[in-house]
Amino acid sequence: MDAGLDLVEIQPNANPPVCKILDYGRYKYQAQKKAAEARKKQKTVEIKEIKMRPNIDTHDYEVKMKNMLRFFNDGDKVKVTLRFRGREMAHQDLGMKLLHKVRDETSEIAKVESHPKLEGRQMVMVLAPLK
């Protein structure tokens, strides 16, 4: 009476080891389906970048903020990059004020993951949604 079943070791580290009699091909198939379902439900977090200049105009700033809010609603992190050119490097305090303004305006929906720091000629800050 061969039922086409296999003896499968389920937990080899248990004392005594746990085994089941089942169809191994079907068992592998179901495990594969379960893993694929788990992968499908997973959301990858992307890092979106917003680039600004220290002397950004108000309308340009509002457009960048609107895009940033959209990114947060999608569940993505936002990297705010502030680029300094020429003599703007002498006024890094303006750039710091701008990044603090961004932080304060997004405080209800995002948290600062990496505080503003200068990397060469650009200042970088990373914000993550509060979900």
Side-chain angles (χ1 to χ4, degrees):
M1 151 177 132
D2 185 28
L5 299 175
D6 303 305
L7 182 66
V8 180
E9 191 176 32
I10 303 295
Q11 286 187 329
N13 299 333
N15 191 15
V18 178
C19 296
K20 275 187 179 178
I21 297 175
L22 48 84
D23 183 4
Y24 186 63
R26 184 173 175 208
Y27 172 75
K28 264 179 53 176
Y29 174 75
Q30 287 174 339
Q32 186 179 354
K33 288 295 249 187
K34 193 184 283 185
E37 191 68 29
R39 270 197 309 274
K40 191 162 59 170
K41 289 180 181 171
Q42 216 171 35
K43 191 201 185 305
T44 56
V45 175
E46 291 183 42
I47 298 183
K48 303 288 190 172
E49 187 172 19
I50 297 281
K51 293 185 179 182
M52 294 186 186
R53 296 279 310 281
N55 55 349
I56 189 168
D57 194 43
T58 53
H59 181 262
D60 295 336
Y61 175 79
E62 289 166 7
V63 168
K64 302 269 187 192
M65 290 304 290
K66 193 171 74 176
N67 287 334
M68 212 178 293
L69 295 178
R70 193 183 73 223
F71 294 151
F72 288 135
N73 290 334
D74 291 344
D76 297 325
K77 293 181 181 180
V78 176
K79 177 180 178 183
V80 183
T81 305
L82 200 65
R83 184 130 201 167
F84 294 100
R85 287 168 58 189
R87 291 190 192 153
E88 291 174 347
M89 282 300 285
H91 302 286
Q92 293 174 14
D93 55 320
L94 294 174
M96 194 59 87
K97 281 182 190 172
L98 183 64
L99 287 179
H100 286 309
K101 182 179 173 187
V102 169
R103 180 197 62 198
D104 295 340
E105 286 188 20
T106 59
S107 63
E108 292 99 43
I109 58 166
K111 63 180 183 287
V112 177
E113 199 168 79
S114 138
H115 292 282
K117 61 178 174 281
L118 196 66
E119 296 175 357
R121 289 197 154 271
Q122 55 191 22
M123 204 173 274
V124 178
M125 175 174 70
V126 178
L127 299 166
L130 282 176
K131 291 180 186 171

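Computed from heavy atoms alone, side chains included, the values below leave out hydrogens, waters and symmetry copies.
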Kindly write out the residues that satisfy side-chain contact (heavy atoms from CB on, under 4.5 Å) with S114, not counting sequence neighbours, or none if the list is empty. K117, V126
Can you tell me how far apart [atom1] ([X]) and [atom2] ([Y]) are? Round to the nearest 0.5 Å.
X    : Y    : atom1 : atom2 : value
K101 : I56  : NZ    : CD1   : 9.0 Å
M125 : H115 : CE    : NE2   : 9.5 Å
L69  : T106 : CG    : OG1   : 8.0 Å
K79  : K77  : NZ    : NZ    : 12.5 Å
E37  : K40  : CD    : NZ    : 4.5 Å
M52  : M123 : CE    : CE    : 13.5 Å

Check which hydrophobic residues are tied to L94 through side-chain heavy-atom contacts below 4.5 Å, counting indirect links as well, and list them.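 Cluster partners of L94: none, it stands alone.
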Apart from L22 itself, residues in the same hydrophobic cluster as defined by side-chain heavy atoms under 4.5 Å: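 Its cluster partners, ordered by chain and number, are V8, I10, V18, Y24, Y27.
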What are the two closest heavy atoms between P116 and L99, and how far apart are they?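 Minimum heavy-atom separation between P116 and L99: CB-CD1, 3.7 Å.
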Quick check: closest heavy atoms across A128 and F72, and the distance to 0.1 Å? C-CE2, 4.1 Å
Could you give all pairs that pass the side-chain hydrogen bond (donor to acceptor under 3.5 Å, both in side chains) test and reach residues 80-98, with sequence neighbours left out? E49-T81, R53-E88
Given side chains that start at C-beta, do those of I47 and D76 come closer than 4.5 Å, heavy atoms only?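 The answer is no; the side chains never approach within 4.5 Å.
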So do V102 and L127 actually touch side chain to side chain, heavy atoms under 4.5 Å?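 They are in side-chain contact.
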Same cluster or not: are V124 and L98 linked, directly or through other Ile, Leu, Val, Met, Phe, Trp or Tyr residues, by side-chain heavy atoms under 4.5 angstrom apart?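 Unlinked, V124 and L98 end up in two clusters.
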Any chain of hydrophobic side-chain contacts (each under 4.5 Å) joining Y29 to L5?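 No, it is not one cluster - the side chains of Y29 and L5 are not joined through contacts under 4.5 Å.
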Which donor-acceptor pairs under 3.5 Å do the side chains of residues 58-68 make with protein atoms, sequence neighbours left out?
| unit_1 | atom_1 | unit_2 | atom_2 | d |
| --- | --- | --- | --- | --- |
| Y61 | OH | E105 | OE1 | 3.4 |
| Y61 | OH | E105 | OE2 | 3.3 |
| K64 | NZ | K51 | O | 2.9 |
| N67 | OD1 | R70 | NH1 | 3.2 |

Taking atom CG as the centre, does L7 end up with more than 12 heavy-atom neighbours from other residues, nucleotides or ligands that are less than 6.0 angstrom away?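 Atom CG in L7 is packed in, count exceeds 12.
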Do any pairs count as a salt bridge (charged side-chain N to carboxylate O under 4.0 Å, His left out) and have a residue in residues 4-33, sequence neighbours left out, and if so which ones?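 Counting only pairs at least two positions apart or across chains, no salt bridge (charged side-chain N to carboxylate O under 4.0 Å, His left out) contact touches residues 4-33.
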